[in-house]
Each structure stands twice: as C-alpha cells, then as structure tokens.
*Asks:* 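Below you will find the structure I want to go over with you.
Treat the numbers as computed from the prediction; the structure is a model and nothing was measured. We count ligands from 1, going down the list as the structure has it; atoms in each ligand are counted the same way.
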Amino acid sequence: MSEVRFDDRVVIVTGAGNGLGKSHALAFAKRGAKVVVNDLGGSAHGEGASTTAAQTVVNEIKAMGGEAVANYDSVTDGDKIVQCALDNFGKIDVVVNNAGILRDVSFHKMTDADWDLVYNVHVKGAYKVTHAAWPHMRDKQYGRVIFTASAAGIYGNFGQANYSMAKLALHGFSQTLALEGKKYNITSNTIAPIAGSRLTATIMPPQILEQLKPEFVSPLVLKLASEGHTETSGLYEVGAGWIGKLRWNRTLGHGFPISAELTPEQINEKWSVITDFSKSSHPGSGQEALMQIMQNLQNK
Ligand code: NAI
C-alpha cells in the first residue's frame, strides 16, 4: 500500500484552531503538507475573535518539524486566506472548508441574525475561500476541495433549520464544482462527520464525545485530498472509525399519460407506486435523472 503524502502540497484548512479542523491540519502537516491554519478564534456561536486558536496549532505543527502559517481572517474574507497561502507558499493545492458555528434555536424563535450568521460562515465562507482559490487551481490543473456537511443537513435536526440549510447546501455546491472542475483535475467531495468538539459538547454525554475522536475523521479528509484520489462529487458520513458513502435513491415512479389532464386524485390513486422503494434507481447525474422524466413525453 503506497503511503499517502502531501510533500510540496499547500493545504488551507479553515476553522483549524479547534476540533476537526485542528485534527485535519495536524494530519496534513505530519504527512509533509505546508498548511495554512485559518481560524477566526471566536466562540461557537460566532462571536468575538482571537489569534490564539490558530497560533497554538501552528506552534504544535512547528514543534513536530512541520510547516504551517497561521491566518486569523474570517472565511467570509476568503480571498485574504488564499492570499496568505500564496504569499507564504506560492500556490494552493487543497482547500478544506471546515470552519463552522452553531446558532441553534427552534424555528419559531429564529432571528434573521441566527439565519444570516450561519449562512455567512458555512455557505458564503466556503464560497469565498473556494472562489478565491479556484483560478489558481485551474491554472495549475490541480485541486482538491473538501466541504464539511452534517447529518443535520442530510436528515434534518430539531432546532437547526439554519444549520441544516447551510450544511446540505454545501453538498449541492460541491457537486457542481465537481462537474466544473473535472477537466482541470480539480475534485470536490463532501464529508458529514461526527466528532466530539465544542459544537457537539452540549448535545452528547461526555463519555461518548471522548470516544468520537476527530482523528477518526481526518484520515478520510486526507484520502479525499490526496493526488491518487480522483473520484469526485461524493458525500460521505464518517465518525467513530466508520465510513460510508451516500447516493440518491429514487423510486421507479409512475408516468401518467400526458394526453389527459393530471389530477391530484390520479396521483392519490398511484401514491403507493410513486413512493414504492422496493424497486428503485440511483441517478448519478442530472442527465440520468432527467432521462426517465423526459421519456414520459412519449406516454400519450
Ligand atoms: P469547532 O467549534 O471545534 O471548530 C470550528 C472552528 O471554526 C473553530 O475553531 C472556530 O473558531 C472556527 N470558525 C468559526 N467561524 C469562523 C470564521 N468565520 N472564519 C474562520 N474560522 C471560523 O467545531 P467542529 O465540531 O470541529 O466543527 C468543524 C466543522 O464540522 C464545522 O463546519 C461543523 O459544522 C462540522 N460538523 C461537525 C460535527 C461534529 O460532530 N463535531 C458534525 C457535523 C458537522
């Protein structure tokens, strides 16, 4: 088995001052990467800022003989983070969009600020960093982009309407980057991790959190970010040493004759067929998904 290495690779990890991002940054550095350790250093709710979080991780990397630079900008100023990578290391090979905050509250109590802050950090932030890095990766015909989604986005979670919105948005974003990046050797993949961190500290008992080490998640990030990994557009759930891949599962559906008016009553009548997953398909692209729908135009 050949060793996964990142010698001469420049990696940006956002939100790398704590939790998962810190674990990713250390893992990349251990395998030879030059790492931009970005962290705004605010609270889990997105308040305040400090240089301590990023600097502490950089000190740790340097102490083990690795190469890293600290960056304290918010991901919403993604161009500054990318500039930091260029100024210090001259290029960008890997972007790990990891920075995140929570503003959990049930939907009826959610404020515009709760919604906007979560959107800004997770979605706009990932956009700003990736968008600034994109032309450099295209020029070099090489790039690996990783997004960080969440089970809350895939399945929903009480009190996390804003967070669920943001987290699944990233997978949609990633799937299109995968298409646009293909001919430039840029891949884009998404993880939905579970790990003990300050974000999960309030929702799980400490003895479980202790076992859910971020170090169980980082190896998948490294695999997805490695040169040898050319699969793109994936979504993976990962944690506790377990890794699985997700894909769409669509029922075979039912095509109604298009020559007659379609009524809700007809849909009612065929509901058990429309929703029957005993036989299903797994469309892997927009074209594949559309094909079956368009075929029904012959159903007169
Ligand atoms: P964490 O709170 O330990 O780390 C997140 C880091 O992002 C913090 O150091 C914070 O300062 C930084 N950050 C926040 N806003 C920032 C901004 N605007 N610019 C730059 N840095 C910023 O949390 P954790 O758990 O390590 O989360 C990492 C990512 O994983 C997040 O995107 C989170 O949504 C996601 N995630 C985590 C799960 C878990 O089980 N821990 C579950 C699902 C998703």
*Asks:* Roughly how far, to the nearest 0.5 Å, is CD1 of Ile101 from CG of Leu40?
*Replies:*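 The CD1 atom of Ile101 is 9.5 Å from CG of Leu40, to the nearest 0.5 Å.
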*Asks:* Select one of side chain, backbone, both or neither to describe which atoms of Ser197 lie under 4.0 Å from any atom of ligand 1, heavy atoms only.
*Replies:*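 The part of Ser197 near ligand 1 is the side chain, not the backbone.
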*Asks:* Would you check whether Lys22 reaches within less than 4.0 Å of ligand 1, judged by its heavy atoms?
*Replies:*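 The answer is no, since Lys22 has no heavy atom less than 4.0 Å from ligand 1.
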*Asks:* If you count the atoms of ligand 1 from 1 in the order shown, which ones are under 4.0 Å from a heavy atom of Ala149?
*Replies:*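 Answer, ordered by atom number: 43 (C), 44 (C).
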*Asks:* Just verifying a value: how many Å separate Met110 CE and Asn162 CG, rounded to the nearest 0.5 Å?
*Replies:*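 Taking CE in Met110 and CG in Asn162, the distance rounds to 3.5 Å.
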*Asks:* Between Ser188 and Ser174, do the side chains contain an N or O donor and an N or O acceptor separated by less than 3.5 Å?
*Replies:*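 The criterion, which ignores hydrogens and geometry beyond distance, is satisfied for Ser174 and Ser188.
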*Asks:* For ligand 1, indicate whether the residue Leu20 contacts it via side chain, backbone, both or neither (heavy-atom separation under 4.0 Å).
*Replies:*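 The part of Leu20 near ligand 1 is both the backbone and the side chain.
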*Asks:* I'd like to know whether Phe256 forms a ring-ring contact (aromatic ring centres under 6.0 Å, His included) with His254, so could you lay out the CA-CA distance, the side-chain angles of the two residues, the decisive distance to 0.1 Å, and finally the verdict.
*Replies:* CA-CA 6 Å; Phe256 295 91; His254 178 77; 4.7 Å; yes
*Asks:* Which residue and atom name correspond to the protein heavy atom nearest atom 43 (C) of ligand 1, and how close is it?
*Replies:*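 Among all protein heavy atoms, the one nearest atom 43 (C) of ligand 1 is Pro193 O, 3.2 Å.
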*Asks:* Can you confirm whether the side chains of Asp104 and Gln160 place a donor and an acceptor under 3.5 Å from each other?
*Replies:*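 Short answer, yes.
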*Asks:* May I ask you to list the atoms of ligand 1 that are less than 4.0 angstrom from any heavy atom of Gly42?
*Replies:*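 Numbered from 1, ligand 1 contributes 11 (O).
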*Asks:* Ligand 1 and Ser150, any nitrogen or oxygen pair closer than 3.5 angstrom?
*Replies:*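 In this structure, Ser150 places no N or O atom under 3.5 Å from an N or O of ligand 1.
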*Asks:* Of all the heavy atoms in Ala152, does at least one lie under 4.0 Å from an atom in ligand 1?
*Replies:*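 No, that is not the case, since the closest heavy atom of the residue is not under 4.0 Å from the ligand.
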*Asks:* Only heavy atoms of Asn18, strictly under 4.0 Å: list the atoms of ligand 1 that pass.
*Replies:*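 Ligand 1 atoms under the 4.0 Å threshold to Asn18: 3 (O), 4 (O), 8 (C), 9 (O).
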*Asks:* Can you classify the ring geometry of Phe173 versus Phe147 as parallel (below 30°), tilted (30 to 60°) or perpendicular (above 60°)?
*Replies:*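 Geometry flag for Phe147 against Phe173: tilted rings.
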*Asks:* Answer with side chain, backbone, both or neither: which part of Val75 has a heavy atom less than 4.0 angstrom from an atom of ligand 1?
*Replies:*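 It is both parts that get close, each with some atom under 4.0 Å.
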*Asks:* If you have a sec, work out which protein heavy atom is nearest atom 29 (C) of ligand 1 and how many Å separate them, to one decimal?
*Replies:*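 For atom 29 (C) of ligand 1, the nearest protein heavy atom is Asn98 O, 3.0 Å.
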*Asks:* Any atom of ligand 1 sitting under 4.0 Å from a heavy atom of Gly46?
*Replies:*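 Distance cut 4.0 Å: Gly46 fails for ligand 1.
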*Asks:* Is the contact between Ala44 and ligand 1 made by the side chain, the backbone, both, or neither, using heavy atoms and a 4.0 Å cut-off?
*Replies:*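 Within the 4.0 Å criterion, Ala44 makes no contact with ligand 1.
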*Asks:* Under 4.0 Å from ligand 1, counting heavy atoms only, is it the side chain of Asn38, its backbone, both or neither?
*Replies:*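 The part of Asn38 near ligand 1 is the side chain, not the backbone.
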*Asks:* For a quick check under 3.5 Å, do Asn249 and Ser280 share a side-chain donor-acceptor pair by atom type?
*Replies:*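 A donor-acceptor contact under 3.5 Å links the two side chains.
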*Asks:* Please work out whether the ring planes of His131 and Tyr127 are parallel, tilted or perpendicular, with thresholds of 30° and 60°.
*Replies:*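 Taking Tyr127 first and then His131, their aromatic rings lie parallel (interplane angle under 30°).
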*Asks:* Just to check, does Thr76 reach to within less than 4.0 Å of ligand 1 when the distance is taken from its heavy atoms?
*Replies:*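 Thr76: no contact with ligand 1 (<4.0 Å).
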*Asks:* Does the residue Val121 have a heavy-atom contact with ligand 1, meaning some pair of atoms that are separated by less than 4.0 Å?
*Replies:*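 True for this residue.
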*Asks:* Check each atom of ligand 1 against the heavy atoms of Gly19 and keep those under 4.0 Å away; list them by number with element.
*Replies:*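 Going through ligand 1 atom by atom, the ones under 4.0 Å from Gly19 are 3 (O), 26 (O).
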*Asks:* Any idea which protein heavy atom is nearest atom 22 (C) of ligand 1, and the distance to it?
*Replies:*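 Here the closest protein heavy atom is Ala99 CB, 3.5 Å.
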*Asks:* Is Ala195 close enough to touch ligand 1? Criterion: a residue heavy atom under 4.0 Å from a ligand atom.
*Replies:*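 Within the 4.0 Å threshold, so yes.
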*Asks:* Among all protein non-hydrogen atoms, which one is nearest to atom 27 (O) of ligand 1, and what is the separation to 0.1 Å?
*Replies:*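 Its nearest protein heavy-atom neighbour is Leu199 CD1, 3.6 Å.
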*Asks:* For ligand 1, note which part of Ile101 has a heavy atom under 4.0 Å away: side chain, backbone, both or neither.
*Replies:*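 Contact part for Ile101 vs ligand 1: side chain (C-beta onward).
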*Asks:* Report yes or no: do Asp79 and Gln83 form a side-chain donor-acceptor pair below 3.5 Å?
*Replies:*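 Judged by distance alone, the side chains do not pair up.
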*Asks:* What part of His122 sits under 4.0 Å from ligand 1 if we count only heavy atoms: the side chain, the backbone, both or neither?
*Replies:*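 Under 4.0 Å from ligand 1, His122 contributes side-chain atoms alone.
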*Asks:* Of all the non-hydrogen atoms in the protein, which one sits nearest to atom 9 (O) of ligand 1, and at what distance?
*Replies:*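 Here the nearest protein heavy atom works out to Asp39 OD2, 2.5 Å.
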*Asks:* Counting each atom of ligand 1 from 1 as listed, which ones have a heavy atom of Gly41 under 4.0 Å away?
*Replies:*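 By the 4.0 Å cutoff, the relevant atoms are 11 (O).
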